[in-house]
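Just the heavy atoms: all of them, side chains too, but no hydrogens, waters or symmetry mates, feed the values below.
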Amino acid sequence: MTSCERVLRVLAHRPADRVPISDSPWATTVTRWHREGLPEGVTPEVYFNYEFVGQGVDTSFQLPTQVIEETDDYIIERNSNGATRKNWKNKTSTPECLGFTITTRRAWEEHKDRLTYNRSRVDWENGLKVNREGVQAGKFVTYSAAFGYDWTQGVVGSENLLMTMALEPEWVKQMMLAEAELIITCAEEMMARGFHFDGAFMFDDNGYRNATLFSPRMYEEIVWPVHKRVCDFFNARGMPVILHSCGNVNAFVPGYIKAGFACLQPLEVKSGMDLIRLKREYGEHLAFMGGIDVRKMAIDDPGPIEEEIRTKITAAKTGGGYIYHSDHSVPDNVSFENYKRVMELVARYGSYKSP
């Protein structure tokens with residue numbers, strides 16, 4: 001069974017030979033693993049045979065970029081959305097947002113015409129090569145993009161966006177829908193010119209550690225139409241849509257199902273996302289990807305992570321509908337030996353074959 005066949009089966013809520021696997025180690029984690037036994041020049045994707053190949057496009061305003069300051073430790077630059085961000089060079093962390101170009105409706109009106117399709121938004125030569133290699137290898141190849149709240153907060157800033165959702169919701173919806181149309185146009189152009197996609201993997205962080213970032217009413221009125229528009233496009237072409245949404249998004253799950261998402265990822269444990277409960281309550285309508293607590297991967301005692309994987313995967317894989325992933329990404333406190341143990345446990349408890 002190929003990766004593509006395996007993923008499509010579980011997204012259709014049918015058992016496969018085993019649960020599909022994917023994950024997201026930090027760059028600093030990969031560096032550590034190379035010191036501890038991961039062969040030099042070999043990626044975790046290749047070594048552990050992850051099953052997804054994702055391909056994205058440029059949905060920015062394509063503004064000129066500029067390096068403002070650079071040291072041995074960090075770099076401050078203005079990106080193609082006009083946002084000024086500070087990134088650390090030697091550690092993995094969320095960038096610090098220092099300023100934004102598009103913070104008012106007037107600024108949006110001045111820049112919105114830049115949010116249209118042109119050929120430079122797609123890496124045609126290398127992208128087609130990667131696409132064909134992924135298809136030939138039998139991977140589940142996805143069209144990927146950030147959209148909705150997540151994309152917009154990167155343009156106008158989180159605090160400004162939340163205030164504007166309350167005070168000027170129609171403007172926010174206009175921005176989100178404009179970028180959604182660009183996502184769709186890029187996908188149409190790529191598929192018309194030789195790209196093949198098995199599904200879509202869309203990114204829209206809607207939660208934080210304790211709850212959703214905004215109310216269910218705001219989700220329904222502002223963000224849900226954007227989710228529905230994108231899901232309708234891909235679902236009409238037989239492409240199931242996986243939603244990545246960090247944090248506690250329990251309150252939005254019914255809306256995600258109604259919008260047309262096939263699967264929710266990554267199910268952060270520390271934020272209150274309970275894979276077993278979600279499977280019990282929504283497993284008939286939604287598949288799940290993730291939910292395995294990375295904090296337990298860092299413990300050298302093998303007991304806690306085995307219990308985590310045994311109980312969760314055994315329940316979640318029932319009847320299909322589950323893909324292995326950590327509950328966010330794998331930090332650099334997880335050793336290579338510990339992670340190899342994780343993969344062995346996933347293989348053992350993720351199999352649909354009788355022992």
Residues R106 and E110 bridged, charged N to O under 4.0 Å: yes
Contact between E181 and Y117 at the side-chain level, heavy atoms closer than 4.5 Å - yes or no? no
I'd like to know if K139 and E133 make a salt bridge, using a cut-off of under 4.0 Å between side-chain N and carboxylate O. no
How are the rings of W33 and F48 set relative to one another: parallel (under 30°), tilted (30 to 60°) or perpendicular (over 60°)? perpendicular
Given the ring of Y74, does K86 sit roughly above its face, with NZ or CZ under 6.0 Å from the centre of the six-membered ring and within 45° of the axis? yes
State plainly whether the residues E281 and R277 are in salt-bridge range, i.e. N to O under 4.0 Å. yes
Which pair of heavy atoms, one from I323 and one from V7, lies closest together, and at what distance? CD1-CG1, 4.2 Å
H325 versus I292: any side-chain heavy-atom pair under 4.5 Å? no
Geometric class of the F197/F195 ring pair [parallel <30°, tilted 30-60°, perpendicular >60°]: parallel
Examine the side chains of S80 and S60 and answer whether a donor and an acceptor come within less than 3.5 Å of each other. yes
Centroid separation F52 to F140 less than 6.0 Å: yes
Reference residue Y349; test side chain to side chain donor-acceptor pair (under 3.5 Å); the match among R310, E306, E344, K317: E306
Please report the closest heavy-atom contact between M289 and S22, naming both atoms and the distance. CE-CB, 3.7 Å
Considering the options F203, Y149, F147, F233, which one meets the ring pair (Phe, Tyr, Trp, His ring centres under 6.0 Å) requirement together with H227? F147
Salt bridge or not between E51 and R6? Use side-chain N to carboxylate O under 4.0 Å. yes
On a heavy-atom basis, which atom in F336 and which in G37 lie closest, and how many Å separate them? CE2-C, 3.5 Å
Working note: R9 + E5, criterion side chain to side chain contact (heavy atoms under 4.5 Å, CB included); need CA distance, chi angles, decisive distance, verdict. CA-CA 6 Å; R9 282 188 69 89; E5 292 168 340; 5.6 Å; no
Would you say C263 and L243 make side-chain contact, with heavy atoms under 4.5 Å? no
Ring centers of F234, Y143 separated by less than 6.0 Å: yes
How are the rings of F214 and Y219 set to each other: parallel, tilted or perpendicular (split at 30° and 60°)? parallel
